[in-house]
Amino acid sequence: MTLTQQRILATEIPGPRSQALQARKVAAVSAGVGTTLPVYVEQAGGGILRDVDGNQLIDFGSGIAVTTVGNAAPRVVEAVQRQVADFTHTCFMVTPYEEYVAVCEKLADLTPGDHDKRSALFNSGAEAVENAVKVARHHTGRDAIVVFDHAYHGRTNLTMALTAKNMPYKHRFGPFAGEVYRAPMAYPYRWPGGAEACAEEAFDALVATVHTQVGEDNCAAVLIEPIQGEGGFIVPPPGWLARVATWCREQGILLIADEIQTGFARTGDWFACDHEGVVPDLVTTAKGMAGGLPLAAVTGRADVMDSVHVGGLGGTYGGNPVACAAALAAIETMEAEDLPARAREVEAAFLPRLRALAERHPDRVGDIRGRGAMLAIELVSDGTGRTPDAALASAVHRACSAQGLVTLTCGTFGNVFRFLPPLAIGDDLLAEGLDVFEAAFDAAVAGKVE
Ligand code: PLZ
């Protein structure tokens, strides 16, 4: 069955079949696993999710920045089918296979910097971040890891400690791993001294945090999302990241870039660090890399990655052959279709419309930010007062959902409305999705959303 690239509202959303499935979900799935929009999907592709009631929704979320090449992308489907028929698992640590090596070769080619690199593969973003921390500690012989306000790095015990936000990620899940220190994030819109002073003052605050609370010689790594994801699509001011990178190098502190959400064409470059000319020591990737199959990686300087003793890194499924085949096909798709360029086109299509929206609602749209196909608006209740308005973000989200547009919010204060469309989406659907979003926004501001 081919999926028409068309929004269709066949029933109310969620429709009766989705509602019945949701009742089964409540009876079988832990309440701890939430669903933001309980429409049950039966097929997806391009920019469309088709649900069990025959509704076709426009996808502005990509399953949280994963289906960059599109859902069930043709090359990925073909590669996975071939691989699954050949063999599904041997465990790379027992009897290896070429696909794992080929993914690591691609990672060496594509990640920032032309130095000698090595990679190790894992199953999830959190697992990659944990392993990057393990490698950094092992290589440096130092314990402390410095992270930032608004950071998101995962939900495992160590990555919960690295993640900033309590609800829903950490609440009553402690105690957390130690030797994690937090510095202020260079967040121009909310920097106390104003956006102009942000780069300088945030850099000074980082240096002071490390000096006074950690000690440079105790610090293994600074871990940062080059554009923060779950924390609110926060783009640091130009030059700040490069300055942090230089300072880390001077101190013998490794710079780990968490490119799990920003990586693989999402921001209009292969990696968000590329935009700033920053070359981190270690990079974590996942999400968009494998077109929807679970695969994650740590890639970094050969001397750092090879400092670990044989057998020190691994896991039963890490670099599963089916996930690797999917990654090779997804990366081939990104190259063949120049998806970094497509992400820049998405930015060009969105920004004028977001700016027009901000002009129409100057008291409610506090900030517009992001890069490529990773864009967001920060919603406030009182214009320059900058009071976060999570209720407005959630009303816009509900109104979009009712009209068949899948959207996501984020941010420490829950007031950031973010856009992560698949790069396989067509221009017509992008424009139609924006029409739906604008109407939803107007209705929400007018108090007309239930
Ligand atoms: N690092 C930068 O964005 C995952 C989380 C969704 P996993 N972001 C989506 C949720 O609520 O669980 C993410 C990320 C960055 C690490 C991770 C973790 O990746 O594959 O979800 O473990």
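Nothing fancy with the numbering, it's 1 onward along the sequence. Because the structure is a prediction, the values reported are computed rather than measured. In each ligand, atom 1 is the first atom listed, and ligand 1 is the first ligand listed.
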Yes or no, since that's all I need: does a protein heavy atom fall within a distance strictly under 4.0 Å of atom 21 (O) of ligand 1? no

Residue and atom name of the nearest protein heavy atom (relative to atom 17 (C) of ligand 1), distance in Å to one decimal: Tyr152 CE2, 3.7 Å

Relative to Phe176, does Lys170 satisfy both conditions: NZ or CZ under 6.0 angstrom from the six-membered ring centre, and within 45 degrees of the ring's axis? yes

List the closest protein heavy-atom neighbour of atom 11 (O) of ligand 1: residue, atom name, distance to the nearest 0.1 Å. Arg155 NH2, 2.7 Å

Atom 9 (C) of ligand 1: nearest protein contact (heavy atom, Å): Lys287 NZ, 3.1 Å

Atom 3 (O) of ligand 1: the protein heavy-atom neighbour that sits closest, reported with distance to 0.1 Å: Gln261 NE2, 2.9 Å

Any Lys/Arg nitrogen of Asp389 or Arg364 sitting under 4.0 Å from an Asp/Glu carboxylate oxygen of the other? yes

Side chain, backbone, both or neither: the part of Glu230 lying under 4.0 Å from ligand 1 by heavy atom: side chain

Provide the number and element of each atom of ligand 1 under 4.0 Å from a heavy atom of Glu225. 2 (C)

Numbered in order shown, the ligand 1 atoms found under 4.0 Å of a heavy atom of Ser124 are 20 (O), 22 (O)

How far is atom 18 (C) of ligand 1 from its nearest protein heavy atom, and which residue and atom is that? Ala126 N, 3.6 Å

Distance from atom 6 (C) of ligand 1 to nearest protein heavy atom, with residue and atom: Ile64 CD1, 3.7 Å

For ligand 1, which atoms have a heavy atom of Asp258 less than 4.0 angstrom away? 1 (N), 2 (C), 15 (C), 16 (C)

No-hydrogen, no-angle side-chain donor-acceptor test under 3.5 Å, Gln56 and Arg50: yes

Among protein heavy atoms, which sits nearest to atom 19 (O) of ligand 1, and what does the distance come to when rounded to 0.1 Å? Gly125 CA, 3.3 Å

Can you tell whether the side chains of Glu179 and Arg142 come within less than 4.0 Å, N to carboxylate O? no

Qualifying residue for ring pair (Phe, Tyr, Trp, His ring centres under 6.0 Å) with Tyr100, from Phe92, Tyr317, Phe122: Phe92

Determine, for Arg369 against Glu378, whether the closest basic-nitrogen to carboxylate-oxygen distance falls under 4.0 angstrom. yes

Over-ring placement of Arg386 relative to Tyr189, 6.0 Å and 45° cut-offs: yes

Would you call Lys106 and Glu335 a salt bridge, using N to O less than 4.0 angstrom? yes

